[in-house]
Number of protein chains: 2
Amino acid sequence: MQNRDRRRAAIRELLLEAPVRNQEELLEKLERRGLGASQPVLSRDLRALNVAKLGGAYQIVEEERVTPLEQLKSLLRSVDPVSKFLLVSCEPGAASAVARALDSEELDGLVGTLAGDDTVLVAVKSTAAAQRVRRRIQELL
Amino acid sequence: MQNRDRRRAAIRELLLEAPVRNQEELLEKLERRGLGASQPVLSRDLRALNVAKLGGAYQIVEEERVTPLEQLKSLLRSVDPVSKFLLVSCEPGAASAVARALDSEELDGLVGTLAGDDTVLVAVKSTAAAQRVRRRIQELL
DNA sequence: GTCCGGATGGAATATTCATGCGGCTATTGA
DNA sequence: TCAATAGCCGCATGAATATTCCATCCGGAC
């Protein structure tokens with residue numbers, strides 16, 4: 001049924017037009033448009049539409065997914081290649097978090113990471129890979 | 001007490017390091033760091049830190065506050081100055097929402113708005129103000 | 001037609017979160 | 001020193017949301 005998609009489109013619009021505090025409120029607005037539904041349906045729609053409740057109101061989050069590494073960029077300080085390794089310097093204590101984020105990034109040519117306190121040693125397959133990975137990280141600095 | 005700020009700083013870090021599904025989970029992580037608290041406190045902290053639950057996990061929303069008007073930009077169609085007025089054309093039915101958003105923008109020189117169905121009449125102090133306001137809106141088109 | 005199988009949605013329920021309120025502590029100002 | 005005030009917190013509880021489980025509705029295969 002395209003019912004669902006009509007409803008979701010309406011939800012998008014409604015969220016843009018005016019702040020919506022909770023699902024019940026959204027429900028009423030939908031009903032006024034002849035698009036009845038139950039609260040569970042809204043819960044699912046909102047997740048599908050990537051809507052977040054921020055402050056007191058729902059808001060569509062347009063952006064592309066921010067990867068863990070991107071989220072951590074404020075903790076990064078520098079990247080230096082050393083043969084088949086990279087030394088990534090971070091804020092004190094942040095190394096393990098950064099290492100985990102780097103791992104999860106699934107960067108091509110990245111073999112593994114080893115975290116100290118404020119430094120991550122990144123092992124890569126080749127010096128060429130080192131360059132690529134380095135560039136990727138540098139973009140965030 | 002600076003207890004609260006230490007806790008909030010820790011929350012920031014924790015949210016960056018790994019996804020957190022709910023407040024209870026966050027609570028445990030905080031306790032491991034010796035920063036015990038109760039669930040209500042977290043609820044308040046999360047709002048104060050401008051954290052949203054998106055998909056299944058909490059995520060800090062790095063401000064860049066989107067004003068109501070910016071949210072509505074997809075509903076805007078055109079702006080035309082007419083002496084000390086602007087005629088803003090919108091998607092059908094969107095005028096009142098747009099008018100409200102314009103009001104809340106507190107634009108300098110903007111006197112008031114009057115919404116029809118798909119058009120907002122914006123009254124401004126002077127033709128110079130009209131130019132400024134017009135430019136501001138045009139940026140969004 | 002009948003029988004899946006997937007997709008959708010609802011009722012009931014479980015879970016998660018927000019808030020009213022009172023208590024405690026620290027601070028201010030007389 | 002002693003109110004008075006402000007800030008932070010926790011408990012209890014209710015509000016809001018997520019999830020489980022089931023019914024129903026297609027559309028296709030047979």
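Proteins come first, then strands; the chains are lettered A, B, ... in the order of their sequence lines, and each starts at number 1.
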ask   = If each of A:Val41 and B:Val41 is mapped to the nucleotide of DNA chain D with the nearest heavy atom, which maps nearer the 5' terminus, i.e. the 5' end?
value =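 Nearer the 5' end of the strand: B:Val41.
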Is the distance from OP1 or OP2 of [N] to the nearest side-chain N or O of [X] less than 4.0 Å?
| X | N | result |
| --- | --- | --- |
| A:Arg7 | C:dT8 | no |
| A:Lys53 | D:dT17 | yes |
| B:Tyr58 | C:dC17 | yes |
| A:Ser43 | D:dA18 | yes |

How close or far is atom [atom2] of [N] from atom [atom1] of [X], stated in whole angstroms?
| X | N | atom1 | atom2 | value |
| --- | --- | --- | --- | --- |
| A:Leu54 | C:dC17 | CG | P | 15 Å |
| A:Arg44 | D:dT20 | CZ | P | 10 Å |
| A:Asp5 | C:dT8 | CG | C1' | 11 Å |
| B:Leu46 | C:dT19 | CG | P | 13 Å |
| B:Ile11 | D:dC8 | CD1 | P | 14 Å |
| A:Arg47 | C:dT16 | CZ | C1' | 13 Å |

inquiry  = Distance check, rounded to the nearest 0.5 Å: B:Ile137 atom CD1 versus B:Arg132 atom CZ?
reply    =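 Output value for this atom pair is 12.5 Å.
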key: Distance, nearest 0.5 Å, that separates OG1 of A:Thr113 from CG of A:Asp103   =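 Going from OG1 on A:Thr113 over to CG on A:Asp103, the span is 3.5 Å.
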inquiry  = Taking the side chain as everything from C-beta on, heavy atoms only, tell me whether B:Leu27 gets closer than 4.5 Å to B:Leu30.
reply    =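 Answer no - side chains too far apart.
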task = Would you check if A:Val79 and A:Leu87 make a side-chain contact, meaning some heavy-atom pair closer than 4.5 Å?
result =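 They are not in contact (no side-chain heavy atoms under 4.5 Å apart), so the answer is no.
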ask   = If only atom types and distance count, is the side chain of B:Lys53 paired as donor or acceptor with the main-chain N or O of B:Arg21 below 3.5 Å?
value =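 Yes, because the side chain of B:Lys53 sits within donor-acceptor range (under 3.5 Å) of the backbone of B:Arg21.
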request  = Residues of residues 21-38 of chain B with any non-hydrogen atom less than 4.0 angstrom from an atom of DNA chain D: list those, numerically ordered, please.
outcome  =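 Within this stretch, B:Ala37, B:Ser38 sit under 4.0 Å of the strand.
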A:Asp45 vs A:Gln39, nearer the 5' end of DNA chain C by closest nucleotide =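 Its nucleotide being nearer the 5' end, the pick is A:Asp45.
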task = Could you walk me through whether B:Glu13 and B:Arg33 pass the salt bridge (charged side-chain N to carboxylate O under 4.0 Å, His left out) test, one step at a time?
result = CA-CA 12 Å; B:Glu13 284 184 36; B:Arg33 292 196 177 197; 3.4 Å; yes
key: Over all atoms of both residues, closest heavy-atom pair of A:Leu35 and A:Ala10   =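 Distance-wise, the nearest heavy atoms are CD1-CB, 3.6 Å.
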